[in-house]
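Worksheet: one structure, shown below.
None of these values were measured; they are calculated from a predicted model. When a ligand or atom number is given, it counts from 1 through the structure's own listing order.
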Amino acid sequence: MNNTKYVFVTGGVTSSLGKGIIAASLAKLVQERGYSVTIQKLDPYINIDPGTLNPYEHGECYVTDDGAETDLDLGHYERFLNIPTSQANNVTTGRIYQSVINKERKGEFLGKTVQVIPHITDEIKNRIQILGNTGEYDIVITEIGGTIGDIESLPYVEAVRQLQWELGEENAIVIHLTLVPYLAAAGELKTKPTQHSVKMLMQSGVSPNILVCRSEHEINDTIKRKLALFCNVKQQDVIQSLDAETIYDVPNLMFQEGLDYVVLEKLRLSTRKQPKLKAWNKFIEKHKNPTSTIEVGLVGKYVELHDSYKSITEAFIHAGAANKTKVNVRWIHSEELTPENAAGMLEGLDGVLVAPGFGDRGIEGKIAAVQYVRENNIPFLGICLGMQMAVIEFARNVLNLEDANSIEMNDSTSNPVINLMEEQKDVTEKGGTMRLGAWNCQLTQDSKAYDIYKDELISERHRHRYEFNNVYKEQIEAAGMKATGTNPKTGLVEIVEIPTHPWFVGVQYHPEYKSTVLNPHPLFVDFIKAALKQSKK
Ligand code: GLN
């Protein structure tokens, strides 16, 4: 028996209230008060994981060290807490059902009828407690995806009800995040949607212990009292969450409102130590007081939905603060970019990042972007597909291999400079079968990468099926593009650079996943530094 305490975060009234940010901010505050904490996201959809989801559906797919393809909220958890998450931190309904059904097929239910209650709810409870049972955490915060009232969240709410009953309210509490809308015509904040959503939660047997109310206007004591009265909580347990200038302000705002304090009180944990937010606030100070501004281009095919590139834009913010620079992003749709209009569309940019992606839509635009920045000495960072496009561009325009391509885009090209990885050749299933998670990369000492990482052996996260074709390595290197990072075991090329260019780096891995507030990613920091230099030209 260990003493892990559980905090559940549910959402009411509407989606997109920022449960992930509230959960991450609370976690940050208790972490900085000295508690060990982790955050978990339960997603009520039937996909086993978001790896098969189009980014337009659900934003970026975030990848952990252990190779889990997860919800983008896990990115926020890592960026706030500066500790890695894992597969156990993201569970979907698909995964829950899959394991229950697998157990049924093995005969593990001994002839019983398998039902939502107790079998699905037991599986949910197990998944919640897996993290607590490691003994590593004082507090586990579990965010329940979706909105109260959704049919698919019901088993999760029931699991929370049972766990609270089993563990006692001093060990498991529920925070309900709601919206208190302002009706301009009436000039009033309205509490009714919150009342209704709490009522719905109560119908499932769960009484929230704390309300966090998102609002565009100050929630005064009269309204707090009203919310408290109708939702059966104490007035001090009604926490207002006003719109913030940046998500990184939310921990401080929640501290001012006393969220961490009421949570710890309810869990009977000491509130004596105050959160140490010095390093965090130093970051905010730099982020909010930049001494320069630069503009970088982000070339991708999902740019209509900025969440598709969440970790990249957050990494820009971290790296910007490290350089005391405001990084403005120009979103560039790769499908609109051509060799003819590249100069116009990329004009004035201080750096260009060509984004990850899958499939052939927009790739010629990405190649056009690479050509422009390579020829015009503009700092370039290519990530995953972006790196592959850099290799193709180089092969086509420097080596004159006109039809150079990736097998992913054209499997009959006579110059497959990007090839399907050997281990992928027999893979037929799409879900969870890419080269995923953390792999080592050995850096060449005489390289930009080495200067940046200041280490010979690094570990970065991956999500790809295709790779640099080593058959072309000699030829490409001889022409001036160097492979400066490779997997020490397999020789897979992880990094390419053009040493004669001021800053041209393509990486097969995803550095953006590992950038956090307290540890901005060195590659992004250096890219922004190079862009800053470019801007001064
Ligand atoms: N589609 C490419 C591959 O699978 C790149 C993947 C990515 O950008 N994440 O190798």
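The ring pair (Phe, Tyr, Trp, His ring centres under 6.0 Å) pairs that include a residue from residues 37-61 are Tyr45-His58, Tyr56-Tyr302, where partners are two or more places apart or lie in different chains. For residues 345-384, the set of pairs meeting the ring pair (Phe, Tyr, Trp, His ring centres under 6.0 Å) definition, not counting sequence neighbours, comprises Phe380-Phe504.
Residues passing the salt bridge (charged side-chain N to carboxylate O under 4.0 Å, His left out) test with Asp526: none are found, sequence neighbours excluded.
The aromatic rings of His287 and Phe283 lie parallel to each other, their planes meeting at an angle below 30°, with 60° marking the opposite boundary.
When ring centroids are compared, Tyr156 and Phe8 stay outside the 6.0 Å threshold.
Ligand 1 lies under 4.0 Å from heavy atoms of Pro356, Gly357, Phe358, Cys384, Leu385, Gln388, Glu408, Arg463, His464, Arg465, Tyr466, His510.
Tested against His318, the residues Phe524, Tyr248, Phe527 include a single ring-ring contact (aromatic ring centres under 6.0 Å, His included) partner, Tyr248.
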